[in-house]
Amino acid sequence: MIPKPKQIELFDEYFQLPYAVKVAYDETDELMDDLLMTFHRDAYTDLWVDAGYSRRGGTMQIEFRLKDVGLPHPEGYELRISKNKIECYATDVLGFHYAYQTLLQLFYLALNHDKGMLQVQTIRDWPSYPWRGMHLDISRHFYDDEEIIPYSSWMAALKMNQLHLHLSDDQGWRLELERFPELTEKGAWRRIDEYTMYGGYLDEFNLDEILGVLEELRINVVPEIDLPGHAMAILSAYPQYACFPRDFEPLSVWGISEDIICAGNDKAVAFLKELVLEVSDLFPGPYFHIGGDEAPKHRWKECPKCQKRIKDLGLKDEEALQGWLIRELQQTLEQAGKTIMGWDEILDTGVDEKPIISVWRGDGLDAAKLAVENGNRFVICPNQYLYFDWRATPGKKGPHGVTSLEKVMSLNPQDYCFGRPDLLLGGQANMWTEHTPEFSDVRRMIFPRIFAAAEIFWNGKAEPDLPERIARLQEAFK
Ligand SMILES: [Zn+2]
């Protein structure tokens with residue numbers, strides 16, 4: 001199983017999985033009703049389509065009961081698997097959700113590797129970290145609900161719970177907003193050649209589909225609008241908000257644009273506030289990622305409006321101006337009930353302790369230390385370990401560095417605590433898509449490394465036998 005359950009007690013008895021599984025639960029409980037809806041719709045992607053069935057006769061009962069069995073974590077669960085029935089105990093619907101994922105894996109393994117035989121056992125399991133995430137860049141190449149939903153169902157099967165969606169960048173804006181139609185009319189399409197445009201965006205229908213299914217998969221979506229850099233798609237729709245307006249187009253090459261949004265222009269700042277509110281309104285979760293990475297300051301250095309803002313506010317430099325802009329957006333989003341997140345560069349701009357930091361540069365240790373010193377909660381996604389657009393095998397030529405399965409397995413979140421384990425929320429693996437034009441490319445890059453990431457985020461470490469467990473399970477992730 002992946003992630004490996006925290007405690008497994010095996011008994012020297014096996015039984016044949018029966019033909020049918022009957023689910024029993026306390027019908028008076030609304031939480032259970034909600035959960036059972038999920039059970040009846042489990043095969044979103046054919047991921048587990050044959051789980052739970054075998055061709056021999058008989059039926060078996062699975063009982064889900066809300067009961068405190070002394071687990072050390074509110075999202076934990078206990079599974080008692082005996083010859084006649086399976087009992088599952090938890091005190092929260094999330095516990096049942098995770099227990100269900102474990103059962104699906106057990107059934108899959110029994111039916112596909114062990115001739116339908118399942119061992120009698122008791123499992124007690126709970127998460128080590130609250131943040132177990134995957135990121136997906138849908139700007140550089142666009143993926144819609146038909147791809148985001150299977151991506152998320154792989155996450156759910158591995159007990160991951162946060163999907164960080166990178167919705168905007170220099171190369172494309174990917175979310176339809178009624179209030180700002182120009183963003184998708186202009187910002188969602190980039191020129192490939194004289195005759196071809198590339199692009200697309202999530203409309204209301206796509207987003208409803210995604211949010212509906214992900215709610216059942218118990219996955220929260222973190223929307224990211226990258227600001228004030230990585231913003232050429234926004235500037236192609238609203239060039240007046242650049243320091244030096246001209247005709248902009250979404251970039252059709254990879255790299256970072258020198259043109260960023262003007263922090264000295266009051267109208268630009270007011271627009272950004274409306275924009276983040278409009279986007280955050282569409283997502284039910286508590287977080288909003290404002291990006292904040294790789295924002296070159298050349299334009300701000302030359303821009304009279306930006307320089308005037310720095311002077312008027314008595315700011316030290318352009319980094320401090322970015323800090324001011326972040327605080328403006330933070331205030332706006334906090335009033336809307338959201339907690340902001342940002343890439344670790346924002347720690348250089350003088351932010352307060354409230355933003356959650358995505359620690360990404362290098363091995364991430366320096367940024368984690370800075371976050372701890374500043375009192376910020378943080379999520380680790382260091383590129384040397386958790387960038388799955390980096391190639392998995394050394395030797396082959398390609399962009400970026402190498403992040404092998406072994407390298408991912410060697411990640412130890414405890415190294416990042418610097419005396420404040422309470423600030424470390426967990427981890428996420430990032431999937432940037434400059435070089436993965438097809439969804440099959442994305443799948444090829446995240447597997448098998450996602451297994452190691454999921455196990456580390458759930459348990460704090462990857463057990464050495466992970467590769468053998470991957471070999472038994474990976475075929476299930478079609
Ligand atoms: Zn400016």
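All values below come from the heavy atoms of this structure, side chains included, with hydrogens, waters and symmetry mates left out.
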Heavy atoms of other groups near K4 NZ, more than 12 under 6.0 Å: yes

Within 45° cone and under 6.0 Å: R443 NZ/CZ vs F447 ring: yes

ring-ring contact (aromatic ring centres under 6.0 Å, His included) assessment of W432 paired with H230: CA-CA 13 Å; W432 302 98; H230 288 277; 7.7 Å; no

Distance flag, aromatic centroids of W131 and Y287, threshold under 6.0 Å: yes

Closest contact, heavy atoms only, M409 versus A452: CG-CB, 3.9 Å

Centroid-centroid distance, F439 to W154, less than 6.0 Å: yes

Check: Y77 ring centroid to H97 ring centroid under 6.0 Å: no

Side chain to side chain donor-acceptor pair (under 3.5 Å) evaluation trace for E224 with W343: CA-CA 10 Å; E224 180 192 354; W343 299 107; 2.8 Å; yes

Expected output: side-chain R449 to main-chain V408 donor-acceptor under 3.5 Å: no

Identified side chain to side chain contact (heavy atoms under 4.5 Å, CB included) counterpart of Y129 within the set I380, N161, L425, L424: L424

D352, CG atom: more than 12 neighbouring heavy atoms under 6.0 Å: yes

Within 6.0 angstrom of E146 CD, more than 12 heavy atoms from elsewhere: no

R140 (side chain) donor-acceptor with T433 (main chain) under 3.5 angstrom: no

K461, NZ: over 12 other non-hydrogen atoms inside 6.0 angstrom: no

Donor-acceptor under 3.5 Å (E345 side chain, E294 main chain): yes

Atom pair CD1 (I290) and CD1 (I326), whose distance is rounded to the nearest 0.5 Å: 4.5 Å

Ring centroid separation W458 to Y98 under 6.0 Å: yes

Smallest separation among heavy atoms of R132 and P127, with atom names: NH1-CB, 3.3 Å

Verdict with supporting geometry, Q162 and N220, side chain to side chain donor-acceptor pair (under 3.5 Å): CA-CA 5 Å; Q162 299 287 345; N220 175 58; 2.8 Å; yes

Charged tip of K67 within 45° of Y89 ring normal and under 6.0 Å: yes

Criterion side chain to side chain contact (heavy atoms under 4.5 Å, CB included) on S168 and S139, from CA distance to verdict: CA-CA 5 Å; S168 75; S139 171; 5.7 Å; no

CD (E334) with more than 12 external heavy atoms under 6.0 Å: yes

Any side-chain donor near an acceptor of the partner, E204 and N206, under 3.5 Å: no

Full working for ring-ring contact (aromatic ring centres under 6.0 Å, His included) between F477 and F451: CA-CA 11 Å; F477 288 75; F451 293 117; 5.2 Å; yes

Criterion side chain to side chain contact (heavy atoms under 4.5 Å, CB included) on L214 and L163, from CA distance to verdict: CA-CA 9 Å; L214 266 62; L163 175 65; 3.7 Å; yes

Nearest non-hydrogen partners of L282 and P284, listed with the distance: O-CD, 4.0 Å

Y385 six-ring face occupied by K407 cation (under 6.0 Å, within 45°): yes

Evaluation steps, side chain to side chain contact (heavy atoms under 4.5 Å, CB included), between V276 and Q330: CA-CA 10 Å; V276 295; Q330 179 180 341; over 6 Å; no

Between CD on residue E87 and CD on residue E63, distance to nearest 0.5 Å: 5.5 Å

Mutual orientation of the aromatic rings belonging to W390 and Y387 [parallel < 30°, tilted 30-60°, perpendicular > 60°]: perpendicular

Parallel, tilted or perpendicular: ring planes of H166 versus H135, cut at 30 and 60 degrees: tilted

Spacing of CG belonging to L217 relative to CE belonging to M160, to within rounding of 0.5 Å: 13.5 Å

For P74 against T91, the heavy-atom pair lying closest together: O-OG1, 3.6 Å

Reported CG-to-CG distance for the pair L207 and D144, which is rounded to 0.5 angstrom: 11.5 Å

CD/E475: more than 12 non-hydrogen atoms of other groups inside 6.0 Å: no

